[in-house]
Protein chains: 2
Amino acid sequence: MLLSATTENYLKAIYKLNAQTTIVTTNNIALALGTTAPSATDMIKKLALNKLITHTKYRGVGLTAKGNKAALTIIRRHRLWELFLNKVLGFKWDEVHQMAEQLEHVSVPELIERIDQYLGYPKFDPHGDPIPDAMGKIAKHQYQSLLNENSGSLATIVAVTNDDVRFLKQLEKLNLTIGTKITILAKHDFDNAMEIKPMRKPAVTISEALAKNILIQLN
Amino acid sequence: MLLSATTENYLKAIYKLNAQTTIVTTNNIALALGTTAPSATDMIKKLALNKLITHTKYRGVGLTAKGNKAALTIIRRHRLWELFLNKVLGFKWDEVHQMAEQLEHVSVPELIERIDQYLGYPKFDPHGDPIPDAMGKIAKHQYQSLLNENSGSLATIVAVTNDDVRFLKQLEKLNLTIGTKITILAKHDFDNAMEIKPMRKPAVTISEALAKNILIQLN
DNA sequence: AAATAAATTTAGACTAATCTAAAACATTTT
DNA sequence: AAAATGTTTTAGATTAGTCTAAATTTATTT
Ligand SMILES: [Mn+2]
Ligand SMILES: [Mn+2]
Ligand SMILES: [Mn+2]
Ligand SMILES: [Mn+2]
């Protein structure tokens, strides 16, 4: 069963919403894809017909095992391409997402496997997100948001939860990239701004919006 | 102006037919793309409307300067991807065409330029076809078909004019790959079969169908 | 120069994906 | 428990691309 790029994008969106929210609703999906509720409803019907999702009218959708597998295949392609573009072709971590949005729909299994092999079967993409293996197995990381951590902690930045170019460029400027060891100097109650010191780099103050999208692991 | 994959395929087909035949007809196009004449007519109308081709009813089509440039962009992508898949990811020359058929529609200019740079601005793809440069300039090779050459000649195989996997696999088995120096031992008048000796390899007999699709340059 | 054949275009219909406007259903407020 | 609000679905259109069948135009025979 070969899926259209549009169908793949819906599946991917549903998969991601599934991890974020309790129930995946029509409006959620429409918003995530920048489309309208009626369009989402139409696609939901088609996906349900193809047994990729379950759907109870007015009550939201859920992925079937088949749909989950399909979504992971697309995410695998996306993240492997991102890493390939970064590691092999030298693109920056803020450039690779947009390109991967197109490349993820190229459907040639041998190509993806070869890229995986070329990269040495990597576990994470340039943003710290886990890459599903050929069987669709994915390391469910449950890192915590920097925003939930308290002053005084020592931690390492392991991933980011936003692909926005502006966000990634800003992090880079602040020396807050994947793998960086940091010390949390302070957290301001009023606006949730945080003072962070990346190892061997000057301390910086970051907003709640920024901190929320940075995932860390305590040292 | 962004073109759909379908539109790009039509443009590419028209470009190639233009080089092969005197007039590019509706049926030619339909046949080349495995579609029907009415479908081709519809697309012809749209391409003409967008000033990518010229069209006189019942009289065939021709590319405009704009259409020619667009076609070359697609061919550039296709051939650069083919070489990249071959040289970097190690795919065989009979495997790369099908993959490039999908990758050629990924439209990210910086990606193609980076691949070009990575490969060292190559002039030819794995089948000996010239790669248009970023300005759309292409080395119009006017190599001759092996079929038109006479017994006794010494030549080098420089390109092939068919992407069929079976054709390419057969050539490989016969040691008749790009760059191979050959001696034409004999040409049989009855069926146009030819006896060819690749340097340092055993002599082989090839059919007219094979010889026709092999391009050579005399030494 | 007709008649016949072949190529091309038009007519009309279909699917996938999208939209706006309206109806139906669900939730929240009063 | 009504009323108001919000969400989801349906209705009806639109666009891109495709098809078969029929009409039109061009080319080839006779
Ligand atoms: Mn991404
Ligand atoms: Mn990523
Ligand atoms: Mn090719
Ligand atoms: Mn080629």
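As the structure is a computational prediction, the values presented were derived from the model and not from experiment. Here is how names work: the chains are called A, B, and so on, in the same order as the sequence lines, proteins then strands, and each is numbered from 1.
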- Query: Whole Å only: how far is the NZ atom of Lys45(B) from the C1' atom of dT8(C)?
  - Reply: 10 Å
- Report yes if the side chains of Asn213(B) and Leu171(B) come closer than 4.5 Å at any heavy-atom pair, otherwise no. no
- Query: Hey, does the side chain of Ser151(B) reach the backbone of Lys187(B) with a donor-acceptor pair shorter than 3.5 angstrom?
  - Reply: no
Could I get a table of every N or O pair under 3.5 Å where one atom is in the protein and the other is in nucleotides 1-5 of chain D?
none

- Item | Arg59(B) CZ to dT24(D) P, straight-line distance once rounded to whole Å | 18 Å
- Item | Rounded interatomic separation in angstrom, taking CG from Leu3(B) and P from dT15(D) | 19 Å
- Message: Keeping Asn50(A) on the side-chain end and Leu52(A) on the backbone end, is there a donor-acceptor pair under 3.5 Å?
- Response: no
- Under a 4.5 Å cut-off applied to non-hydrogen side-chain atoms, are Pro126(A) and Lys92(A) in contact? no
- Task: Take atom CD1 of Ile53(A) and atom P of dT8(D), then tell me their distance rounded to the nearest Å.
- Result: 13 Å
- Query: Separation of Tyr10(A) atom OH from dA16(C) atom C1', in whole Å?
  - Reply: 11 Å
- Message: Please encode protein proximity along nucleotides 19-25 of chain C as a string of B, S and -, counting only heavy-atom distances under 4.0 Å.
- Response: BBB---S
- Using 4.0 Å as the upper bound for N to carboxylate O, is an ion pair formed by Asp164(A) and Arg166(A)? yes
- Query: With distance as the sole test, does Thr64(B) use its side chain to make a donor-acceptor pair with the main-chain N or O of Lys51(B) at under 3.5 Å?
  - Reply: yes
- Message: Output the rounded distance in Å from CE (Met43(B)) to P (dA16(D)).
- Response: 10 Å
- Query: Do you know which two heavy atoms are closest between Thr7(B) and Leu47(B), and how far apart they sit?
  - Reply: CG2-CD2, 3.5 Å
- Message: Please check: side-chain N/O of His141(B) versus main-chain N/O of Asp129(B), any donor-acceptor pairing under 3.5 Å?
- Response: no
- Please tell me which of Thr7(B) and Lys57(A) maps to the more 5' nucleotide of DNA chain D, matching each residue to the nucleotide holding its nearest heavy atom. Lys57(A)
- Message: For dT9(C) and His55(B) - does any side-chain N or O of the residue sit under 4.0 Å from the phosphate oxygens OP1/OP2?
- Response: yes
- Would you check, one step at a time, whether the test ring pair (Phe, Tyr, Trp, His ring centres under 6.0 Å) holds for Phe190(B) with His188(B)? CA-CA 6 Å; Phe190(B) 176 64; His188(B) 302 294; over 10 Å; no
- Query: Does Thr177(A) reach the side chain of Trp93(A), with side-chain heavy atoms less than 4.5 Å apart?
  - Reply: yes
- Task: Heavy atoms only: give me the nearest Leu147(A)-Met194(A) pair and the separation to one decimal.
- Result: CA-SD, 3.9 Å
- Query: In residues 18-31 of chain A, which residues come under 4.0 Å of DNA chain D by heavy atom?
  - Reply: Thr25(A), Thr26(A), Asn27(A)
- Task: In whole angstrom, give the distance that lies between atom CG of Leu49(A) and atom P of dA16(C).
- Result: 10 Å
